[in-house]
Structure formats: structure tokens, C-alpha cells
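Sharing a structure with you now.
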There are 2 protein chains.
Amino acid sequence: MTSELDRIDLKMLRLLQNNGRLSNAELAKLVDVSAATCHRRTQRLFEEGYIKSVRAMVEPQKVDRGALVMVGVVLDRSTPESFGTFEKAVAKLNFVLDCNLVAGDFDYFLKIRVRDMADFNRIHGTQLIALPGVRQTRTFFVMKEVVDNAPLNF
Amino acid sequence: MTSELDRIDLKMLRLLQNNGRLSNAELAKLVDVSAATCHRRTQRLFEEGYIKSVRAMVEPQKVDRGALVMVGVVLDRSTPESFGTFEKAVAKLNFVLDCNLVAGDFDYFLKIRVRDMADFNRIHGTQLIALPGVRQTRTFFVMKEVVDNAPLNF
DNA sequence: GATGAAATCCGAGTCAC
DNA sequence: GTGACTCGGATTTCATC
């Protein structure tokens, strides 16, 4: 059963979001509870799904994925089957970081990371416009990343 | 000095990206090196900036930030000062997860997380259109998150 | 139900090689 | 790069409230 989070749980979540490598002992000191209690509470945050995962944030430039592109997609038809087919296909593309169904001028917005513009153009021509049901795409090259993946505020 | 990554380093990066809680001992087994070697290599990945940080991924719905919104922004003027002022102001808004300067019909794209639509409307009226130099904004409410923050493929 | 103290166990970090 | 050793933290037990 998922019960409420108290002030200590929230503080732990914020601390772990900003530094997932905190040891249990360190975290316990920061939130002023015993190591045993801290351990139990952390377990609960995982078990009850408050923390989905802990992830090392890899620097994209360092692994040759320095180009970020936003792509707006419009589908041919707005049927549930059409959406479903498109979504299944997109989920397999590992260069797609985000894919969101939106209300407005586009059906979907994609956030994509690739090596460079040439790489994107190749992928666009071979994989994006080839996605099922795509009528048109609009590409927005990112010229500067001002804020990238900021921690969640809560 | 930043030298190249070999096959083992890359494998470690991928493993840590998918599970930042892996202990050094576990990681060492997975990449088939001794714990001491694994430890030194991991240190290097941090020191040389391959891993920016390790983050607990908090489930937005669980902390009352279930609404995701993409916002396209157009500025009044396209001067460096105008961009700089806008960017400084945006960086202070803790509900902004991403902010990217793009080429195309908009100047910036923002990715925003809030409690709900009512919350967004309040924020839009009081904080977004009030950002320095904003001529217009276009809001795309996210109706379904198909892929959210997928791990980087490299 | 929750907690913290203590006891055990295991891994991190450091050493020599 | 490996293996060993030491020390500190992770995890469990248990008494207590």
C-alpha cells in the first residue's frame, strides 16, 4: 500500500534526486534519522515507485551525441490505431529521448540525440519519415542547450 | 587529460546509466575486471566528466507533478542581449525541465512540469509571458507520454 | 505501527606487487 | 593490471515505545 510521504521522505527524495550516490550513512545524517530507519525508508521509496530508477547522467558530447533536435510530427490520420502503430515504432528508436502526444499543431513532439547534423539528416530520411502514418515532420535544430533535464521541483 | 574510452569503459557507462546503484563489486563482475580496476576506471569516468552526476529518477505523478507541457517561445528581438536576458530568467524557473534555443519558427522550446492544467495556466499567466522579451508563446499540452527521458544510446 | 542501538557481514578503498 | 588487507558502511536483528 502506498501511503503518504512525510517531510523526511520528501527531503530524502530531493537529496537522492540531486545526488544518487549518497551513501545510506550520509543520507541518514542529512535527514537526521538513524541509518536503519533511513535504509528502511529508502527501500520503501523504491518499492512503492517514488523512485523509478537511479541513473548515471552521461555527458552527450563525451560520447559523440552532441546534436540535439526537436521534431514535430503530424500523422496522416487521427485514429487510435494510427497513434498506436506510430508509438510502437517510435519506442524502438533508441535515439529518441522523448516522445509525447500533444494537443496543438502537431500530433507528436520528439526529442532526439544524434552525433551531428549529417547524422540527423540520414536518420530523418531513413527512419523518421519512414515511421508508420507520418504525413509531415518539422525539424527544430537545437543551437544552444540552456537547461537540460533539470531536477524535478516538488 | 581526457583519453579515449575502450570497450570496457563504454560498457561501464551503459550499465551505470541504466542502474546507477550498481555496487563497484557488481559492476566489476559484469565487465569482467577486478574490483580495484573497476573502481579506478569508474573514478576516471567521473573525474573526466563522462558522468555528470548520478540521479534518482523521481516519478512525477507520485509527487504531484503529473502535467507535462511543451511551450514554444518567440522573442521580440533577436539580439544577443535579448537572448541572454531571457536565458538567465528561464534558468531560475524550477518548473522548467528543458530550455533549448532552436532554429525554426520559435526561438526557444521549453519543457515544463507542473501539477495540472490549472497550475500551468496560472504559471503561464504570471511567469511565462512575463519573461523578458517574450512576444508570444505557443502551448502544447502533453496528452500522453510515450517515451520520457530514455537513456542515451551510444 | 514506528524507531534506534548493536551485531554481523560485505564491499570500498588502498596497499604492494 | 591483479590480489589481499583493513576499515567503514550496509543490512539485519531485536528491544523498545
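Remember, it's a predicted structure, so these values are computed and weren't measured experimentally.
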Could you check whether any side-chain heavy atom of A:V142 comes within less than 4.5 Å of a side-chain heavy atom of A:M70, counting everything from C-beta outward?
yes

Can you say whether the rings of B:F109 and A:F140 are parallel (under 30°), tilted (30 to 60°) or perpendicular (over 60°)?
perpendicular

Near DNA chain D, which residues from residues 11-32 of chain A have a heavy atom under 4.0 Å away?
A:S23, A:N24, A:A25

Under 4.0 Å: is that the gap between some side-chain N or O of A:R41 and OP1 or OP2 of C:dA2?
no

May I have the distance from B:H39 (atom NE2) to C:dC10 (atom P), rounded to whole angstrom?
20 Å

Taking the basic N atoms (NZ, or NE/NH1/NH2) and the acidic carboxylate oxygens, is any pair closer than 4.0 Å for A:R44 and A:E4?
no

Are there more than 12 heavy atoms of other residues, nucleotides or ligands under 6.0 Å from atom CG of B:D32?
no

Look at the side-chain N and O atoms of A:S34 and state whether any lies under 4.0 Å from the OP1 or OP2 oxygen of C:dA5.
no

OP1, OP2 of D:dT11 versus side-chain N and O of A:R40: anything below 4.0 Å?
no

Residues A:N149 and B:N149: side-chain donor-acceptor under 3.5 angstrom
yes

Just checking A:F120 against A:F141, ring centres under 6.0 Å apart?
yes

